[in-house]
Amino acid sequence: METSTEGMPEAHSDGPAEAGTDTASATAAAAEIPAPRAMASASLSPSRAGDFMQCPLLYRFRVIDRLPEKPSEAATRGTLVHAVLERLFDAPAGERTVPRATSLIPGQWDRLREARPELAELFADDPEGERLARWLGEAERLVERWFTLEDPSRLEPAERELFVEAELESGLRLRGIIDRVDVAPTGEVRIVDYKTGKAPRPEYAEGALFQMKFYALVVWRLKGIVPRRLQLVYLGSGDVLTYDPVVADLERVERKLLALWDAIRLATETGDWRPRPTKLCGWCDHQAHCPEFGGTPPPYPLPVAGSEQGRMGPD
């Protein structure tokens, strides 16, 4: 889960591998875009790193142009389920039951709509409420499935929705929000993230773990502690993916992020943001602005060395 930040703005998402099936939120960041020369204080989240790796032009549309994106039923359902699982731990252990959890759904949905009025358009064409009822039923089933994967009566999270931030020696700040942090009596730390989509195929597991290793790196740099376990709980398929990181893993992630940030800086300074077509393009809200679909990007809003207008790609 992500949050908006100062420096380079960020949006809230569970990452590109689950486009159309899972996010914790899609709230656009309100932070101001810095000029390229001021980017030493910039920051990066797992979602924005994932955007650039998926498609540099998508990163530009979201971070620099801040083009609006329509709320989706899948993303909003993910946000709702996350809120329910977070709030359930407010209850005493013995009251963390399926009925208690599912009873939280209507109230959390009301709170979400109050916080984000734009969500009203999701079911604007559903006057009888039939589609909304099905959607809420799907959220209920996801919550129920969680109880088959974990027993909340035996869990006492040390943190929920924990905002973390660490600055690397390069000046790059890494930040994000962790769904849940468990700490064993022996001091071992487990980072847990809920996904309302399905678990990836084995060949894509490494990509799915990128977000978790990112969080582990931040915790390590912030606290000097390497989390004992990273755990992804996939409510869509009923799978739990775990990984036990070591220092060498986190050092590799750090090198990758520094190289990624160098590429982002270069694209920002040159205005050269190239599309990278994949099957995920089908879920993109920005096809009207993408050259791959015959569109034209908006005028580049940042200064470009030696040019009045940023380039899209090669001349």
Side-chain angles (χ1 to χ4, degrees), residues 1-36 38-39 42-76 78-79 116 118-119 121-122 175-176 207 210-211 257 260-304 307-315:
M1 304 171 64
E2 307 301 330
T3 186
S4 62
T5 70
E6 62 185 76
M8 292 298 285
E10 298 165 2
H12 183 53
S13 166
D14 277 341
E18 294 182 304
T21 62
D22 187 25
T23 77
S25 170
T27 305
E32 188 173 333
I33 302 285
M39 291 177 68
S43 64
L44 194 63
S45 73
S47 297
R48 299 292 69 80
D51 284 346
F52 189 84
M53 290 187 291
Q54 176 186 329
C55 174
L57 186 57
L58 175 63
Y59 180 100
R60 176 197 151 170
F61 287 158
R62 284 180 168 168
V63 175
I64 294 179
D65 299 303
R66 282 187 271 171
L67 298 182
E69 297 184 355
K70 296 179 181 179
S72 74
E73 291 185 19
T76 306
T79 304
R116 297 175 55 194
E118 71 274 13
L119 296 180
E121 67 184 80
L122 280 174
R175 52 175 58 181
F210 171 76
Q211 174 187 3
L257 290 172
L260 187 68
W261 187 246
D262 283 343
I264 291 172
R265 287 171 60 96
L266 179 61
T268 303
E269 293 167 359
T270 62
D272 189 0
W273 301 91
R274 306 189 183 205
R276 182 176 297 148
T278 69
K279 62 182 180 180
L280 297 177
C281 292
W283 284 295
C284 185
D285 282 341
H286 308 304
Q287 293 180 9
H289 297 283
C290 179
E292 293 294 322
F293 293 87
T296 301
Y300 192 57
L302 300 183
V304 175
S307 173
E308 293 298 321
Q309 175 64 37
R311 294 188 298 115
M312 258 303 309
D315 296 332

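Since the structure is predicted, the reported quantities are computational estimates derived from the model, not experimental observations.
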Asker: Look up atom CG in Leu58 and atom CD in Glu69, then write down how far apart they are to the nearest 0.5 Å.
Answerer: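 Spacing of CG (Leu58) from CD (Glu69) equals 7.0 Å.
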
Asker: Enter the distance from Cys284:SG to His289:NE2 here, rounded to the nearest 0.5 Å.
Answerer: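 Rounded to the nearest 0.5 Å, the SG-NE2 separation comes out at 10.0 Å.
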
Asker: When you look at Leu44 and Leu260, which way does the side-chain contact (heavy atoms from CB on, under 4.5 Å) test go after all the steps?
Answerer: CA-CA 10 Å; Leu44 194 63; Leu260 187 68; 4.3 Å; yes

Asker: If you round to the nearest 0.5 Å, how far is OH of Tyr300 from CG of Asp272?
Answerer: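 Reported value, rounded in 0.5 Å steps: 9.5 Å.
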
Asker: Using side-chain contact (heavy atoms from CB on, under 4.5 Å), reason through Leu67 and Asp285 one step at a time and then give a plain yes or no.
Answerer: CA-CA 9 Å; Leu67 298 182; Asp285 282 341; over 6 Å; no

Asker: Of all the heavy-atom pairs spanning Cys290 and Pro275, show the shortest one and how long it is.
Answerer: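 For Cys290 and Pro275, the tightest heavy-atom pair comes out as SG-CB, 4.1 Å.
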
Asker: Within this structure, what is the OG-CH2 distance for the pair Ser72 and Trp283, rounded to the nearest 0.5 Å?
Answerer: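 Nearest 0.5 Å value for the OG-CH2 distance: 11.0 Å.
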
Asker: Nearest 0.5 Å, what's the CZ-NE2 distance between Arg62 and His286?
Answerer: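 If I round to the nearest 0.5 Å, the distance is 5.5 Å.
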
Asker: Looking at every non-hydrogen atom in both residues, tell me the closest pair between Pro71 and Leu122 and how far apart they are.
Answerer: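 Scanning both residues completely, I find the closest heavy atoms to be O-CD2, 3.3 Å.
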
Asker: Going by the angle between their ring planes, with limits at 30° and 60°, are Trp273 and Tyr59 parallel, tilted or perpendicular?
Answerer: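 Rings of Trp273 and Tyr59: parallel, under 30°.
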
Asker: Using atom types as modelled and distance alone, determine if a side-chain donor or acceptor of Arg276 lies under 3.5 Å from a backbone N or O of Pro56.
Answerer: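 A pair under 3.5 Å: no.
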
Asker: Between the side chains of Glu121 and Lys70, is the shortest nitrogen-to-carboxylate-oxygen separation below 4.0 Å, so that they form an ion pair?
Answerer: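 No, this pair does not count.
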
Asker: Please assess Leu57 against Phe61 for the test side-chain contact (heavy atoms from CB on, under 4.5 Å), listing each intermediate value before the final yes or no.
Answerer: CA-CA 6 Å; Leu57 186 57; Phe61 287 158; 3.6 Å; yes

Asker: Starting from the C-alpha separation in whole Å, work towards a yes-or-no answer on side-chain contact (heavy atoms from CB on, under 4.5 Å) for Leu257 and Phe210.
Answerer: CA-CA 11 Å; Leu257 290 172; Phe210 171 76; 3.7 Å; yes

Asker: Flag the pair Pro298 / Arg60 as yes when at least one side-chain heavy-atom distance between them is below 4.5 Å, and no otherwise.
Answerer: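 Pro298 reaches Arg60 side chain to side chain.
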
Asker: Hey, what do you get for OG1 (Thr79) to CG (Leu119), rounding to the nearest 0.5 Å?
Answerer: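 Spacing of OG1 (Thr79) from CG (Leu119) equals 8.0 Å.
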
